[in-house]
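Remarks on the structure that follows.
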Amino acid sequence: MTTRIPPGPRLPAPLQHLMLVVSRRQSMRAFRRRYGSAFTIRPLTGPAVVLSDPALVRQLFLTSSDLVGNAELNLGRVFGPASLLGLEGERHHQHRKLLAPPFYGQRMQSYEAIVEEETRREAASWPEGEPVEVLPPMTRITLNVMLRAIFGSDGPELDALRVLTPLLTSLGTRLFLLPLPRTDLGRLTPWGRFNGYRRRFDAAVDALIARAQADPAFADRHDVLSIMLRARYDDGEPMSHQDIADEVLTLLVAGHETTAGTLAWAIERICRHPSLLARLASEASAGGGELRRATILEVQRIRPVVDIAGRQVLAGSVRLGEWEIPHGYTILVGIHLMHSDDSVFPDAAAFNPDRFAGVRPDRYAWVPFGGGYRRCIGAAFAEMEMDIVIRTLLRDFELDTTGEPDERWHSRGISFVPAKGGRVVVRRRAAAAPARPVPSSAASCPVPPSAATSPVPPSAASHPVSQRIVA
Ligand code: HEM
């Protein structure tokens, strides 16, 4: 098969690598201006074709998982062999079918009260009339929500994970980008520290597993941990505790930092557009939400916290439009490149939520959650969570800008967040509901057994392989 790859910079690989590490977004934009919506880069990690044309992205996302797999450089390498991010083929499909249902369909409604409660708990201590940096509280809200969804409970038994998850997130998302051998040379080295945190994380998950299995109501529980514990592979074997810990870590990391970063951007963007802010506040007090949901879509378009989704060519070659990409090449979807292209989104630099009023965006042009058989399994959950957090803040507070200029992008390894953490000035509304302590009865995620859910997202539903792991 003759290969035909897009053109790209001829700079030496070490220089290209450095440019991508130091200023990935700017370098990518410069390459797109020079070479168009498909170009090839050659960093030290190997050649990669970068796409920002929705037609080519559509073709890529619809390509069979036998022909393209996840990018070799992915977080699964750090989070363990059973991490959804690193799994391929049948095992990836099995885990996805198991883990997706709790994050889809009617089950979302059962989490709304938890999200509102966590938001009020955090915002209770915000000072009035002076700048508040929202990223840290958003990170705690999204982590607590994810912990409660996974373990179906809340309380001191989750404290160890509340401490260890941010440490593993921040170290893991940086380590996977560094070409360091995975040698553990003691507590003072990065991998040594990571492995130490991981051992403590696994011990905490083991304790939570024992607690769940000792629960007389275990058979009726619908939290993610119980679903994994009851699952059986084809051969009747359950998931090992190590496999479960890999997936718990993956869900916690993938599910909290991205959502928190997007929320911080949402607040940063909204507060710099006073007339939009006024419309959102009156819509929230009237019980509506269409403009708010359009605003979240627009925030994710203009400030996508994850700027690329990667794949690897497994077949001899893969045809995308006029290009024939050879085996072993990485293919990157330039999420931010596509979202900032005027030919894809007219007047792309303008923050204009009305562009999404009453319409769902094109699923191959608006891709903050990636696409195809690896599309984010938490997309619906994240959308629900962001909607409820923003609704609660709009109802409880008058939000105001600090008068500071737009915040710059700051890289946290995987995600891009507002450099100053999304600073905003808040004042409590007179009628705001007071913050409530968490009653233990409300602390679990009550999911009725009858809750009918779409078992898998549309992308996974079209996967040809039958379900082989039984929940
Ligand atoms: C605004 C919030 C979020 C953003 C922007 C986001 C973004 C992404 C992106 C870009 C991918 C890669 C998709 C691809 O390769 O095509 C991904 C995958 C993934 N996300 Fe999210 N995500 C978010 C929230 C969540 C949440 C709440 C969860 C947990 C429920 C989650 C769990 C995952 C998992 C497990 C994967 C791997 C899927 C696979 O490889 O099959 N994410 N996410």
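One-based numbering, in listed order, for ligands and for the atoms of each.
- Judged purely by distance below 3.5 Å, without hydrogens or angles, the side chains of His92 and Arg374 pair a donor atom with an acceptor atom.
- Looking at atom 28 (C) of ligand 1, its nearest protein heavy atom turns out to be Gly255 CA, 3.4 Å.
- Regarding atom 18 (C) of ligand 1, its nearest protein heavy-atom neighbour is Cys376 CA, 3.6 Å.
- The CG atom of Asn144 sits 10.0 Å away from the CD atom of Glu117 when rounded to the nearest 0.5 Å.
- Numbered from 1 in the order shown, with element, the atoms of ligand 1 that lie under 4.0 Å from a heavy atom of Gly370 read 10 (C), 13 (C), 14 (C), 16 (O).
- Of all atoms in ligand 1, numbered sequentially from 1 with element shown, those under 4.0 Å from a heavy atom of Gly371 are 16 (O).
- Checked options Arg391, Arg121, Arg395; the residue passing with Glu116 is Arg391 (criterion: side-chain hydrogen bond (donor to acceptor under 3.5 Å, both in side chains)).
- Checking only distances, Phe381 never comes within under 3.5 Å of ligand 1, N or O to N or O.
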Between Arg355 and Asp347, is a salt bridge (charged side-chain N to carboxylate O under 4.0 Å, His left out) present by the stated rule, with each step listed? CA-CA 10 Å; Arg355 73 172 82 231; Asp347 197 11; 5.7 Å; no

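- In terms of polar-atom proximity, Arg374 is counted as a contact of ligand 1, with an N or O under 3.5 Å from an N or O of the ligand.
- Of the heavy atoms in Leu84, both backbone and side-chain atoms come closer than 4.0 Å to ligand 1.
- Considering both main-chain and side-chain atoms, Arg96 comes within under 3.5 Å of ligand 1 through a nitrogen or oxygen pair.
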Take Arg29 and Asp341, measure what salt bridge (charged side-chain N to carboxylate O under 4.0 Å, His left out) needs, and give me the verdict at the end. CA-CA 10 Å; Arg29 290 179 75 145; Asp341 187 337; over 6 Å; no

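- Using a 4.0 Å cut-off to heavy atoms of Thr259, the atoms of ligand 1 that qualify are 1 (C), 2 (C), 24 (C), 27 (C).
- Going from atom OG of Ser83 over to atom CG of Asp246 covers 6.5 Å, rounded to the nearest 0.5 Å.
- At the shortest separation from atom 15 (O) of ligand 1 among protein heavy atoms lies Arg311 NH1, 2.8 Å.
- Rounding to the nearest 0.5 angstrom, the gap separating the CD1 atom in Ile150 from the CG atom in Leu252 is 4.0 Å.
- When heavy-atom distances to ligand 1 are checked against a 4.0 Å cut-off, Phe103 comes that close only through its side chain, counted from C-beta outward.
- Between Gln300 and ligand 1, no pair of N/O atoms sits closer than 3.5 Å.
- Ligand 1 is never approached by Glu385 to a heavy-atom distance shorter than 4.0 Å.
- Remark: minimum distance from atom 6 (C) of ligand 1 to any protein heavy atom is reached at Phe369 CD2, 3.7 Å.
- Of the listed options Pro368, Pro304, Ala266, Ala309, Pro368 places a heavy atom closest to atom 10 (C) of ligand 1.
- Compare Ala382, Ala254, Ala71 by their heavy atoms: the one nearest to atom 33 (C) of ligand 1 is in Ala254.
- Within ligand 1, the atoms closer than 4.0 Å to a non-hydrogen atom of Met146 are 27 (C), 29 (C), 30 (C), numbered from 1 in the order shown.
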Does the pair Glu133 and Arg423 meet the rule for a salt bridge (charged side-chain N to carboxylate O under 4.0 Å, His left out), with working shown? CA-CA 4 Å; Glu133 195 181 314; Arg423 280 153 63 89; 5.3 Å; no

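- Within a 6.0 Å radius of CZ in Arg200, other residues, nucleotides and ligands contribute 12 heavy atoms or fewer.
- Checked against a 3.5 angstrom limit, the closest N/O atoms of His92 and ligand 1 fall inside it.
- The shortest separation from a heavy atom of Asn70 to ligand 1 is not under 4.0 Å, leaving the residue out of contact.
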Between Ser415 and Glu257, does a side chain to side chain donor-acceptor pair (under 3.5 Å) hold up when you go through it step by step? CA-CA 8 Å; Ser415 60; Glu257 201 184 68; 3.0 Å; yes

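- The protein non-hydrogen atom at the shortest distance from atom 24 (C) of ligand 1 is Thr258 OG1, 3.5 Å.
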Using the rule given for side chain to side chain donor-acceptor pair (under 3.5 Å), can you reason through Gln242 versus Asp202, listing the C-alpha separation, both sets of side-chain angles and the distance that settles it, and then say yes or no? CA-CA 7 Å; Gln242 190 59 51; Asp202 291 353; 3.3 Å; yes

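- A distance of 5.0 Å separates CD1 of Ile331 from CG of Leu60, quoted to the nearest 0.5 Å.
- Using a 4.0 Å cut-off between heavy atoms, His256 makes no contact with ligand 1 at all.
- In terms of protein heavy atoms, atom 1 (C) of ligand 1 is closest to Thr262 OG1, 3.5 Å.
- The aromatic rings of Phe79 and Phe194 sit parallel to each other, their planes meeting at less than 30°, with 60° as the upper class boundary.
- Closest protein heavy atom to atom 37 (C) of ligand 1: Leu85 CD2, 3.5 Å.
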Salt bridge (charged side-chain N to carboxylate O under 4.0 Å, His left out) assessment of Arg96 paired with Glu88: CA-CA 11 Å; Arg96 222 181 134 101; Glu88 286 294 348; over 6 Å; no

